[in-house]
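Worth knowing before you read on, the calculation uses all heavy atoms, side chains too, and leaves out hydrogens, waters and symmetry mates. Each chain gets a letter, A, B and so on, in the order its sequence line appears, and its residues count up from 1.
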Number of protein chains: 2
Amino acid sequence: MSSEQPVKKRISESTIHRLSMYFRTLSLLQKEGYETVSSKELARREKLTPAQVRKDLSFFGSFGTRGLGYDVIELKAKIGEILGIDRVWKVAVVGIGNIGSALVSYKEFTRQGFKIVKLFDNDQRKIGSNHKGIVVSDIKNLEKEIKEDGIEMIILTVPATVAQYMVDDVVRAGVKAILNFAPINLKVPPDVYLRNENMSMELEYLSFAIRNNHTPKNMK
Amino acid sequence: MSSEQPVKKRISESTIHRLSMYFRTLSLLQKEGYETVSSKELARREKLTPAQVRKDLSFFGSFGTRGLGYDVIELKAKIGEILGIDRVWKVAVVGIGNIGSALVSYKEFTRQGFKIVKLFDNDQRKIGSNHKGIVVSDIKNLEKEIKEDGIEMIILTVPATVAQYMVDDVVRAGVKAILNFAPINLKVPPDVYLRNENMSMELEYLSFAIRNNHTPKNMK
DNA sequence: AATTTCTTGTGAAGCATTTCACATGAAAAA
DNA sequence: TTTTTCATGTGAAATGCTTCACAAGAAATT
């Protein structure tokens with residue numbers, strides 16, 4: 001029996017991203033030895049308004065104490081629950097090129113509960129090689145191994161030319177969440193979540209900002 | 001004498017990101033041999049509304065022909081100008097760890113006009129080593145070499161613990177744009193543009209989406 | 001040449017997000 | 001115990017962004 005609370009309102013992407021930011025800052029506050037934190041202080045650290053912080057949290061419940069603020073450990077746990085990172089997610093990396101193999105050792109993933117447990121590639125020279133203790137599997141066994149290992153998320157770091165084929169394979173294996181690094185618009189069924197990580201876009205934003213003397217409200 | 005047109009309205013971050021997407025899709029359309037494209041077709045490919053596409057462009061001028069659409073090559077050039085990628089930007093990577101060295105061979109940067117011309121690290125074992133034809137410099141020479149080479153953007157891929165020191169150095173060297181990969185809130189002077197690339201955040205979004213059966217309007 | 005078809009560019013409307021402002025209640029101080 | 005201080009939680013207002021809907025203009029068709 002599930003005690004899952006359905007989210008009443010439609011939560012915006014921005015709110016979710018800010019929750020991620022709060023979570024990270026709360027970890028830091030915890031390390032720094034703070035027991036409580038106010039929306040004002042949290043806002044200061046994230047360059048937001050206190051009202052924004054309180055509103056974001058209010059979509060999910062009331063976690064604070066008037067006159068005092070939020071309990072750091074408790075709020076961190078609550079946000080972890082909301083984000084679904086109060087557990088470990090098994091992740092596979094498909095495409096062990098430069099970016100793919102770099103991500104295998106990306107500490108921040110582990111820290112937030114994403115455990116890379118499997119690597120796939122189609123290159124015979126890479127298959128069987130070891131990256132941080134994980135042996136690269138043949139992409140041919142993708143469906144079988146993903147199911148066996150109960151992998152729920154995929155990081156896709158293959159060339160754009162083959163990305164769609166890989167997505168189709170991954171979807172066939174039952175995966176519902178894909179983080180795509182290829183600069184291409186991929187098609188997925190409606191029940192599969194797809195996010196695109198496009199690092200070049202961020203440099204383009206910087207380029208635009210310099211050229212236009214841009215002053216946005218929320219340079220994230 | 002500059003013929004630069006100041007941007008009248010405040011342009012939203014979303015609009016800039018969509019311009020980047022249009023630019024990429026226009027390159028593809030060009031390769032596919034299309035001479036013109038309508039807002040409808042562009043919208044279909046990006047999963048947006050045609051009105052959104054037209055509105056985005058309208059902030060910067062009118063580039064289309066009624067009844068016909070946009071000239072692919074011309075529009076691509078215009079957006080390139082707007083984004084400031086109608087030229088080559090010299091970029092340096094600071095921190096040649098896993099991510100840093102992976103980014104040196106990231107083709108998409110080159111494709112969009114970002115040329116990595118210098119690498120910096122503080123590790124004696126890395127200094128002098130060669131990555132795709134670029135020799136890693138000692139971080140001690142950062143200010144001098146950045147000025148000499150006319151580097152305008154920095155990709156920062158150092159551990160979070162030293163990121164702020166590196167930013168301070170980079171700012172001192174006169175750099176006005178930084179793309180930061182360290183999961184930490186950095187401080188920069190108001191005239192320096194800072195973007196944070198946080199790959200873990202995207203996985204957290206996926207985690208949230210799965211847990212909450214989230215159906216947002218614009219899964220970007 | 002006139003008509004039809006198509007698609008842009010853009011005010012206005014509709015929606016979404018952020019900020020304001022204050023009632024509420026808890027803790028600290030007197 | 002009473003008063004003061006502080007900070008949350010939240011409707012309402014303000015702001016921002018997206019979509020609608022249509023006039024206008026260009027090309028294609030008759």
Side-chain angles (χ1 to χ4, degrees), chain A residues 7-22 26 29 34-72 74-75 78-79 82 205 214-220, chain B residues 5 7-19 21-22 26 29 34-72 74-75 78-79 82 205 214-220:
Chain A
V7 177
K8 285 108 203 164
K9 304 198 182 187
R10 247 310 195 22
I11 306 300
S12 77
E13 195 172 306
S14 318
T15 293
I16 307 309
H17 273 142
R18 284 191 299 266
L19 288 182
S20 285
M21 292 169 22
Y22 304 152
L26 286 163
L29 285 163
Y34 290 91
E35 297 201 343
T36 61
V37 65
S38 64
S39 59
K40 194 177 164 190
E41 172 62 10
L42 218 35
R44 191 189 61 75
R45 295 197 177 218
E46 310 292 0
K47 299 211 190 81
L48 300 169
T49 64
Q52 179 79 82
V53 173
R54 296 199 299 275
K55 183 65 88 180
D56 283 337
L57 297 176
S58 79
F59 294 130
F60 302 96
S62 25
F63 311 120
T65 308
R66 286 164 196 228
L68 187 64
Y70 304 91
D71 181 284
V72 170
E74 194 184 304
L75 184 59
K78 280 288 176 195
I79 294 179
I82 294 164
Y205 194 107
H214 194 233
T215 49
K217 297 139 300 305
N218 49 336
M219 227 28 206
K220 76 163 180 199
Chain B
Q5 291 181 335
V7 177
K8 284 109 203 164
K9 306 200 183 185
R10 246 317 192 20
I11 306 300
S12 78
E13 196 172 304
S14 318
T15 292
I16 307 308
H17 273 142
R18 284 191 299 266
L19 289 181
M21 292 168 25
Y22 304 153
L26 286 163
L29 285 163
Y34 290 90
E35 297 201 345
T36 60
V37 65
S38 63
S39 59
K40 192 176 163 191
E41 171 63 10
L42 219 35
R44 191 189 60 76
R45 295 195 178 219
E46 310 291 1
K47 298 211 190 81
L48 301 169
T49 64
Q52 179 78 82
V53 173
R54 296 200 298 275
K55 183 64 89 180
D56 283 337
L57 297 174
S58 79
F59 294 129
F60 303 96
S62 24
F63 310 122
T65 307
R66 286 165 195 225
L68 187 64
Y70 303 91
D71 181 285
V72 169
E74 196 183 303
L75 183 59
K78 280 289 178 195
I79 294 179
I82 294 164
Y205 193 105
H214 195 233
T215 49
K217 297 140 300 306
N218 50 336
M219 230 21 211
K220 73 161 182 201

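Taking atom CD1 of I16(A) as the reference point, atom C1' of dA16(C) lies 15 Å away to the nearest angstrom. Atoms CZ (F59(B)) and C1' (dG11(C)) sit 13 Å apart, rounded to a whole Å. To the nearest angstrom, C1' of dT8(C) lies 10 Å from CG of L57(B). With rounding to whole Å, K55(A) atom NZ is found 15 Å from dA14(D) atom P. When rounded to the nearest whole Å, the span between CD of E13(B) and C1' of dT18(C) equals 15 Å. If you take NE2 of H17(B) and P of dT18(D), they are 13 Å apart, rounded to a whole angstrom. Rounded to an integer number of Å, the gap from R18(B) CZ to dT19(D) P is 8 Å. In this entry the distance linking CZ of R54(B) with P of dA23(D) reads 15 Å, nearest Å.
Between atom OG of residue S39(A) and atom OH of residue Y70(A) there is a gap of 5.0 Å, rounded to the nearest 0.5 Å. Between atom CG of residue L42(B) and atom CG of residue L48(B) there is a gap of 8.5 Å, rounded to the nearest 0.5 Å. For the atom pair CD1 (I79(B)) and CZ (R18(B)), the distance works out to 12.0 Å, reported to the nearest 0.5 Å.
Between Y70(A) and dG9(D) there is a side-chain polar atom (N or O) within less than 4.0 angstrom of OP1 or OP2.
Figure legend: cation-pi geometry between R54(B) and F59(B) absent, as NZ or CZ is not positioned both under 6.0 Å from the six-membered ring centre and within 45° of its axis. With Y34(A) as the aromatic partner, R45(A) meets the cation-pi criteria of under 6.0 angstrom to the ring centre and within 45 degrees of the ring axis.
Residues from residues 35-52 of chain B that place a heavy atom under 4.0 Å from any atom of DNA chain D, listed by number: T49(B), A51(B), Q52(B).
Residue R66(B) is the one, among R66(B) and D56(A), whose nearest nucleotide of DNA chain C lies closer to the 5' end (criterion: closest heavy atom).
D71(A) and T36(A) share no donor-acceptor pair across their side chains, judged by distance under 3.5 Å alone.
With dT19(C), dA26(D), dT18(D) as the choices, the nucleotide that has an atom nearest any side-chain atom of T65(B) turns out to be dA26(D).
Looking at E74(A) and K78(A), no side-chain N of the basic residue comes within less than 4.0 Å of a carboxylate O on the acidic one, giving no salt bridge.
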